[in-house]
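A short write-up of the structure that comes next.
Quick note on labels: first sequence line is chain A, next is B, and so on, each numbered from 1. Values reported hereafter were calculated over all heavy atoms of this structure, with side chains retained and with hydrogens, waters and symmetry mates removed.
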Protein chains: 2
Amino acid sequence: MLMSLGDYIDVVGAEEISKIYKKANKLYTKHIANVNATFLGGGVAEILGRMVPLMNDAGLDAEWRTIHGSPGFFDITKSFHNGLQGGDIELSDMTKSVYMNINQEYANFSHLNIYDSIIVHDPQPLPLIKFYRKQQPWIWRCHIDITDPNPELWNFLKKFMIRYDVIVVSSEKYKKDDLPVPQKVIPPAIDPLALKNKELSEEAIINYIKSVNIPTDKPIMAQVSRMDPWKDPEGVLEVFRKVKEKVDCRLLYCYNLATDDPEGMKIYKKVYEKVEKDVKNGDVLFVVGNNDLLVNAVQRFADVIVQKSTREGFALTVTEALWKGKPVVASNIGGIPSQITDGKNGFLVDPQDHKTCADRIIKILKDPKLAKKLGTNAKESVRKNFLTTRLVSDYLDLLTEVLA
Amino acid sequence: MLMSLGDYIDVVGAEEISKIYKKANKLYTKHIANVNATFLGGGVAEILGRMVPLMNDAGLDAEWRTIHGSPGFFDITKSFHNGLQGGDIELSDMTKSVYMNINQEYANFSHLNIYDSIIVHDPQPLPLIKFYRKQQPWIWRCHIDITDPNPELWNFLKKFMIRYDVIVVSSEKYKKDDLPVPQKVIPPAIDPLALKNKELSEEAIINYIKSVNIPTDKPIMAQVSRMDPWKDPEGVLEVFRKVKEKVDCRLLYCYNLATDDPEGMKIYKKVYEKVEKDVKNGDVLFVVGNNDLLVNAVQRFADVIVQKSTREGFALTVTEALWKGKPVVASNIGGIPSQITDGKNGFLVDPQDHKTCADRIIKILKDPKLAKKLGTNAKESVRKNFLTTRLVSDYLDLLTEVLA
């Protein structure tokens, strides 16, 4: 069954949906291409898989196309992804040549000039624009944290970026002074109807929780995140020890570990050794969140959710937790302060200040009224700002502007 | 570097290439979509990866698009592939529903009505046509052996086939009486510039042969094929024993074994046990052909090539061997008799008749003049009938016809 904007009425209200349909009037039958790197796996594929059908539902002729890369090409663009986030990268002539050739070949058998506008997502298909006699607005949509990109890579890719009419980034902080191209901000969003976010009955939640042997007798503080140093799993343990002195509760660490992630495995072992005793007596619980419905249930079952990261992009896991009406205590970094107003819909803490972090959690666990107030505000703030429907609406505004 | 028809002048001559360019005149800027299931791996991706760029080189606006499936969808269409070749299949409502939903979703965000004609390859995107208000010729190109399809599956898929304007199959034998749709035959082809087929220097051939420890002191009879019962590896051994009585030579079995192919592993073990002694004394050699250049070198180095299959589709490995100017002794089944005229450009033998097979091989090994004559004719027959350029030419004829 194809998704429709109407399916979101129960989530954001009929008025909001009606506004989006009206906004699309001027864009009826406009033929828009979205080009990205993959249709399976990854956040961008998730977003496009939902957004493009909704654009069609609104009356546009929106397309989703994926570049035909080779395994070598995808290795290279993965290194570009890391390089744009500041990682080291070896930018050899060979690397550039594979990158350019795949784009040229794809352009050769993809006649994109038929479209009224073309939205290119992320660096993989970025140079496509070079291979057309451009005759419509091209938009580059960058989903990556580009606060501090590798300079050599940035200068190489900038050559293609400046051909675009508009560049869209996820946060004000990612705007670049050295890019003489109009830059817009469209924050990311979560899909309230996806398995990871949809409403679950109390019964379903309890069933999922029991299926992974989580005891339901004491309050639970949870962190949902990868095993990666920037998520500070050891900091989470320290905070938990401080909390535990005041409130009898359990820590649930829901992590996702790829089989090809030896780094994550190492961190997991290190963390595990530190709390082996607590794991054995049930105070600390590790759960592998390899199933969207299970993660959903964990977030809904927890009494307080912590995000103790020392580095974050937008932090969509925080968005997901807020959407579930949970009180969240999170580090004041990356995209988190754009989501949480301290004391209103959650608490912001300095990532180094474990004591304050523990104090906020204790406060929440001891004060159900406060927990409820924060949670209610949390959910409303996401409803207003960070759902798929707002994302569709932003893209319609952008397209109306470039096609005016 | 983009491929051009001009690159094939050295292979098929300037006149042939010039004819193809002229043929394209009437199709200039015609916008043609090819839709298939994958851009990485498999014969169809190989064909389209070469053919579509050459169509663009000729002046058409040809596109190559791939359906966005889920892993479950591709499992289902793999079972359809087997079912069309006569295998058992469970065609549940759930199966049909996943198959149809993916096609509907892909159609929703792929506005194919902009094209002048649409060529759909194989069963994965077959039902796409159902989701458009059709307004141009649609062609279904079936690359599969459909001599004896599973009847239930055939009846299910026929509902979509009859919506097409033309169905293209690989052999006269695959035409179906119960399909009230014009059916054309376009035989497959090999690419003479691909790594598997391109010219190799004597030095390069010897280097590859030595790299896998093949002794170069005695004549070699070779079979290149998967370890699968229909390739009759045990029959090949029997034939070799008979040949060996008359001519001192070695057998080289070049096979490809996927890591997830326990069936193939079992057959390999069974075959290996039968010839363990011969392997140890070097009379029988097994080589894993996991590299296109190595397979190319093996085919070019062998003195005679055998294809003792009991069941074949078109048998492109025979085409590849013939193209390398080799004398080939092959079973008179599947697409093989459409490639070999007995005694002229190779020998055809009854797959059960090991004695005649051995006699032909002995004849070739004892008579270098005959070997040379067969090989020369073999190469010319492929040049004329089974190269990529002929494939492009056939598609141009077909498009000219449907767009007339």
Side-chain angles (χ1 to χ4, degrees), chain A residues 1-4 29-41 44-74 97-98 100-116 119 131-132, chain B residues 1-4 29-41 44-74 97-98 100-116 119 131-132:
Chain A
M1 259 277 290
L2 296 176
M3 294 294 303
S4 151
T29 73
K30 287 292 178 196
H31 203 179
I32 309 296
N34 287 277
V35 186
N36 84 319
T38 178
F39 58 88
L40 269 181
V44 178
E46 266 176 40
I47 290 168
L48 291 176
R50 193 52 59 101
M51 194 181 76
V52 178
L54 294 180
M55 282 180 170
N56 281 292
D57 182 54
L60 285 73
D61 286 357
E63 300 220 9
W64 177 15
R65 309 181 57 137
T66 47
I67 193 168
H68 293 192
S70 60
F73 172 79
F74 291 119
S97 145
V98 171
M100 296 310 290
N101 283 344
I102 291 282
N103 272 277
Q104 184 179 18
E105 283 169 21
Y106 185 70
N108 170 255
F109 59 70
S110 303
H111 297 265
L112 301 186
N113 267 342
I114 53 160
Y115 295 101
D116 295 307
I119 309 175
F131 300 106
Y132 294 89
Chain B
M1 260 277 292
L2 295 176
M3 294 295 303
S4 152
T29 72
K30 287 293 179 196
H31 204 180
I32 310 296
N34 287 276
V35 186
N36 84 319
T38 177
F39 58 88
L40 269 181
V44 179
E46 267 177 39
I47 290 168
L48 291 176
R50 193 53 60 101
M51 195 182 75
V52 179
L54 294 179
M55 283 181 168
N56 281 292
D57 182 54
L60 284 72
D61 286 357
E63 300 220 9
W64 177 17
R65 310 181 57 138
T66 46
I67 194 167
H68 292 192
S70 60
F73 173 79
F74 291 119
S97 145
V98 171
M100 297 308 290
N101 282 345
I102 290 283
N103 272 278
Q104 184 180 19
E105 282 169 19
Y106 186 70
N108 170 256
F109 60 70
S110 303
H111 297 265
L112 300 186
N113 267 341
I114 53 161
Y115 295 101
D116 295 306
I119 308 175
F131 301 106
Y132 294 90

Strictly less than 4.5 Å between heavy atoms, which residues of residues 46-53 of chain B line up against chain A? Please order them by number. B:Val52, B:Pro53
Heavy atoms, side chains only, cut-off 4.5 Å: are B:Asn56 and A:His111 in contact? yes
B:Ile32 portion near chain A, given a 4.5 angstrom heavy-atom threshold: neither
Which portion of B:Thr38 sits near chain A, non-hydrogen atoms under 4.5 angstrom: neither
Only pairs of heavy atoms separated by less than 4.5 Å count here; which of B:Met55, B:His31, B:Met100 has the most with chain A? B:His31
With a 4.5 angstrom heavy-atom cut-off, could you sort out which part of B:Asn101 is near chain A: side chain, backbone, both or neither? side chain
Side chain, backbone, both or neither: which part of B:Asp61 has an atom under 4.5 Å from a heavy atom of chain A? both
Largest heavy-atom contact set with chain A, pairs under 4.5 Å, which of B:Ala62, B:Ser70, B:Pro71: B:Ala62
Correct closest heavy-atom pair for B:Phe39 and A:His68 would be CB-ND1, 3.4 Å
Do B:Arg65 and A:Glu63 have side chains that get closer than 4.5 Å, going by heavy atoms? yes
When rounded to the nearest 0.5 angstrom, what is the spacing between CZ in A:Phe109 and CG in B:Leu60? 15.5 Å
